[in-house]
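It should be emphasised that the depicted structure is a prediction, and the values quoted were computed from it without experimental measurement. First listed ligand is number 1; within each ligand, the first listed atom is number 1.
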Amino acid sequence: MAQYQAKYNPLVFFDKSMSDLRTTYRHLQDTLSELERTHGKRIRLLAVSKSQPASLIRECTELGQRAFGENYVQEALAKMAELQALELEWHLIGPLQSKKCRAVAEGFAWVQTIDREKIIPLLAEFRPRDAQPLNVLIQVNVDHAPSKAGCLPAQISLLAEKIAQYPELRLRGLMAIPQPDPDTLATAFARMQTLFTELQQQYPAIDTLSMGMSDDFPMAAGYGATLVRVGSALFGQRPTSPEAL
Ligand SMILES: *Cc1c(COP(=O)(O)O)cnc(C)c1O
């Protein structure tokens with residue numbers, strides 16, 4: 001654990017003043033390749049495009065990126081419509097309200113924020129019959145933060161069992177957004193790694209542990225992350241989104 005702690009210094013990984021997307025993207029890919037070599041496994045990049053315009057997403061696709069993460073359903077739907085021809089892979093990484101389940105099941109390929117039972121049958125019901133199963137991750141409130149989204153670790157098996165009942169859904173693994181506190185981050189990532197390994201014993205097909213953001217993804221990679229969600233280190237600081245206020 002100590003070795004990753006020592007490495008954790010967000011400022012050395014990215015120079016956030018780099019403005020050219022191509023340069024930043026290459027740098028990010030190089031960093032990920034190096035982490036893949038170090039840890040001996042594939043690490044996918046989810047480009048977090050919330051609050052960013054469709055034009056910037058398009059530019060990023062020209063560099064080879066296909067998977068994009070969005071937090072706000074309305075905002076995402078508008079971008080999906082505008083970029084429809086590009087056939088991108090959209091991930092919902094923000095909270096999911098029941099009333100948005102139809103739109104989400106129709107538009108997204110992945111939902112990373114399953115944290116309660118109620119939305120599971122709704123997503124299955126609304127998944128279009130001609131679409132591939134919706135890939136889902138169970139979001140875990142790993143530091144038991146009172147105001148945070150995510151289920152408690154003890155609830156993971158129940159949610160996984162529920163998901164497994166629906167052929168329209170495909171359980172892929174776990175997701176977490178730990179508190180960005182350097183004193184607790186390593187413990188939180190390690191805990192997620194353990195929870196993922198335990199779940200994998202019951203569901204051997206799961207392959208995705210989504211954790212790590214701009215400031216901490218190199219550290220998350222050291223604890224088994226297979227998908228990192230990077231926004232500001234790729235696109236620069238976010239313009240304020242009206243929905244985020
Ligand atoms: C915004 C967001 C990110 C990306 O955050 P950055 O610090 O900009 O990389 C990743 N995951 C989730 C769930 C987010 O809401």
Assess the residue pair Glu62 and Arg58 against the criterion (salt bridge (charged side-chain N to carboxylate O under 4.0 Å, His left out)); give the C-alpha distance rounded to whole Å, side-chain angles, the decisive distance to 0.1 Å, and a yes or no.
CA-CA 7 Å; Glu62 284 159 14; Arg58 185 185 296 278; 5.7 Å; no

Got the closest protein heavy atom to [atom], with its distance?
atom                   : value
atom 5 (O) of ligand 1 : Met213 CE, 3.7 Å
atom 6 (P) of ligand 1 : Ser214 OG, 3.4 Å
atom 1 (C) of ligand 1 : Lys50 NZ, 1.4 Å

Are Glu70 and Trp90 close enough that a side-chain donor and a side-chain acceptor fall under 3.5 Å?
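The criterion, which ignores hydrogens and geometry beyond distance, is not satisfied for Trp90 and Glu70.
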
Applying side chain to side chain contact (heavy atoms under 4.5 Å, CB included), run through Leu158 and Glu117 and close with a yes or a no.
CA-CA 8 Å; Leu158 199 86; Glu117 219 177 311; 3.5 Å; yes

Does some non-hydrogen atom of Arg238 fall short of 4.0 Å from ligand 1?
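Contact present.
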
For the residue pair [X] and [Y], establish whether any side-chain heavy-atom pair is separated by less than 4.5 Å.
X      : Y      : result
Trp110 : Val136 : no
Leu209 : Met192 : yes
Met219 : Phe189 : yes

Which of the atoms of ligand 1 are close to [X], meaning less than 4.0 Å from one of its heavy atoms?
X      : result
Val230 : 9 (O)
Asn71  : 14 (C), 15 (O)
Ile93  : 11 (N), 12 (C), 13 (C), 14 (C)
Arg229 : 4 (C), 9 (O), 10 (C), 11 (N), 12 (C), 13 (C)

Mind running side chain to side chain contact (heavy atoms under 4.5 Å, CB included) on Lys162 and Leu159 for me, showing each step along the way?
CA-CA 5 Å; Lys162 186 84 184 175; Leu159 293 177; 5.5 Å; no

Does ligand 1 come near enough to Ala233 that some N or O of the ligand is less than 3.5 Å from an N or O of the residue?
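N/O-N/O distance below 3.5 Å does not exist for this pair.
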
Just to be sure I read this right, does ligand 1 sit under 4.0 Å from the backbone of Ile177, its side chain, both, or neither, counting only heavy atoms?
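It is the side chain that gets close, since no backbone atom is under 4.0 Å.
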
